[in-house]
Amino acid sequence: MPVYITDKSGRTDAQIRDRSIREVAERLLKLVDKTDHNLSILLIDDAEMIRLNSRYRDKNVPTNVLSFPFVDGADASVFSLPIKELGDIIISIDTAAGEAISGQQTLFCRLTWLITHGLLHLLGFDHEQSKAQALAMEEMENDLISRLHEDRSTPMTHLAINVDHIATIRQARGISEPDPVLAAAVCELAGAMGIVVHLREDRRHIQDRDVQLLRQTVKTKLNLEMGAAEEIINIALTIKPDMVTLVPEKRQELTTEGGLNITGQKKKLAKTIAKMSQSDIPVSLFIDPESKQIKASHDIGATFVEIHTGRYCDAKNEKERNQEFELIASAAQEAFDLGLRVNAGHGLDYRTTARIAALETIEELSIGHAIIARAAIVGLEKAVREMNDIVKSAANGNQ
Ligand code: PXP
């Protein structure tokens with residue numbers, strides 16, 4: 001079932017990837033039982049779409065998708081041809097990208113819908129004919145899209161919580177409370193599917209004792225974040241967390257600042273990955289959403305990559321945020337296509353998380369600051385009431 005894709009859109013910003021589009025088209029052909037047919041998909045820009053829309057539909061405006069069935073206007077002899085053709089789906093990437101932004105979707109999601117819609121037109125559905133036809137087409141679209149999602153090859157995105165900040169509060173007093181080990185248990189009780197801690201070389205928050213105890217108490221999955229320093233590598237090999245995430249670590253930074261430069265230290269990281277894999281510890285590499293870092297992570301044998309979401313979260317305006325989101329979506333897709341498992345995190349909060357969690361290629365989100373910060377605020381009232389009860393009760397002579 002060859003799917004022919006021609007990209008004349010001239011866009012490089014959206015990192016449109018033929019392979020993902022082809023895969024969607026091939027899966028759709030299977031679902032509609034047309035694997036013995038050829039399909040052509042042409043990606044163009046708005047200027048070309050205006051030209052086609054005005055020539056074939058007398059409308060001098062761009063549109064998102066046009067479909068041209070092969071048999072339209074053809075004489076009966078085409079039915080006896082040995083090759084079966086469905087026809088052409090023509091998509092304006094400019095319009096699709098605009099629609100993706102206003103619908104808060106990835107461009108890939110939007111293209112999936114447009115290919116589905118275009119294919120149904122090629123199969124004879126036409127929403128412009130009548131209300132009943134529009135309904136039938138919409139039902140079929142929804143059915144096909146949900147069946148595409150059923151084949152989703154990564155499980156639902158889940159939440160892992162980074163409890164470093166609990167340790168930061170404890171270290172501010174140098175005493176034993178609050179305990180990140182207890183906090184981790186509360187997070188798991190509330191539904192977290194993993195616990196993350198960063199054992200830094202300077203031990204500014206998480207201590208060795210925390211990691212040792214967490215190894216015994218965490219019921220879900222313990223992910224140890226760490227720099228690739230020998231001392232910490234040896235601790236990881238002794239404690240054996242469920243996985244490690246390698247991050248760049250600088251003494252002066254307040255938090256992890258950027259992704260690892262894998263291309264610049266392939267040998268060193270490959271050695272660390274090999275050591276971990278001898279102890280059956282999968283390794284994730286924390287990287288910026290860049291193709292060269294993904295390829296290098298794959299080359300040196302990482303099991304996971306964690307895509308840095310910081311620039312998306314810190315974006316100064318919607319345009320910048322949408323651009324950063326597209327970079328994350330395409331990086332996650334590229335890593336997934338290479339067979340890497342994909343996590344994401346850093347800076348995610350109650351406004352920025354949903355869009356990332358909706359990406360089908362992402363398995364786990366690692367979130368710390370926003371959750372601990374919110375806990376401090378939403379839990380403050382209860383904490384004050386409890387102390388006030390003690391004060392009032394004692395003042396009334398009841399101890
Ligand atoms: N992922 C990595 C690799 C990190 O270093 C951090 C911060 O410790 C996080 C995720 C979580 O970031 P945040 O605390 O901003 O949610």
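Counting starts at 1 for both ligands and their atoms, following the listed order. Owing to the predicted nature of the structure, the values given are computational and were not obtained by experimental measurement. Computation of the quantities below employed the complete heavy-atom set of this structure, encompassing side-chain atoms and omitting hydrogens, waters and symmetry-equivalent molecules.
- Close approach of ligand 1 to F286 (heavy-atom distance below 4.0 Å) involves ligand atoms 3 (C).
- Side chains of S9 and D94: a donor-acceptor N/O pair is absent below 3.5 angstrom, by distance only.
- Contacts between H165 and ligand 1 below 4.0 angstrom, taking non-hydrogen atoms only, are absent altogether.
- Ligand-side atoms of ligand 1 in range of N162: 8 (O), range being under 4.0 angstrom from any heavy atom.
- Applying the ring-ring contact (aromatic ring centres under 6.0 Å, His included) test to H121 and every residue at least two apart in sequence or in another chain returns H117, H127.
- Only one option out of K221, E306, M193 pairs with E364 in a side-chain contact (heavy atoms from CB on, under 4.5 Å); it is K221.
- Taking CD1 from I371 and CG from L159, the interatomic distance works out to 5.0 Å, rounded to the nearest 0.5 Å.
- Summary of contacts: the protein heavy atom closest to atom 4 (C) of ligand 1 is E225 OE2, 3.2 Å.
- With a 4.0 Å heavy-atom cut-off, ligand 1 is reached by the side chain of E306 but not by its N, CA, C or O.
- Given atom 11 (C) of ligand 1, the protein heavy atom at minimum distance is S366 O, 3.7 Å.
- At a threshold of 4.0 Å, the pair R147-D143 counts as salt-bridged, since one of the basic side-chain nitrogens sits closer than that to a carboxylate oxygen.
- Atoms of ligand 1 lying under 4.0 Å from at least one heavy atom of V247, given by number and element, are 3 (C).
- Ligand 1 lies less than 4.0 angstrom from a heavy atom belonging to I367.
- If you number the atoms of ligand 1 from 1 as listed, the ones under 4.0 Å from a heavy atom of G347 come out as 12 (O), 13 (P), 15 (O), 16 (O).
- Looking at N38 and E85, their side chains do bring a donor and an acceptor atom within 3.5 Å of each other.
- Nearest non-hydrogen protein atom to atom 12 (O) of ligand 1 is H346 CA, 3.4 Å.
- Closest to atom 14 (O) of ligand 1 among all protein heavy atoms lies H369 N, 2.8 Å.
- Residue H198 places every heavy atom at 4.0 Å or more from ligand 1.
- Looking at ligand 1, you'll find an N or O of G368 within less than 3.5 Å of one of its N or O atoms.
- For Y56, the ring-ring contact (aromatic ring centres under 6.0 Å, His included) test picks out F68, with sequence neighbours left out.
- Between D314 and R321 there is no salt bridge, since no side-chain nitrogen of the basic residue lies less than 4.0 Å from a carboxylate oxygen of the acidic one.
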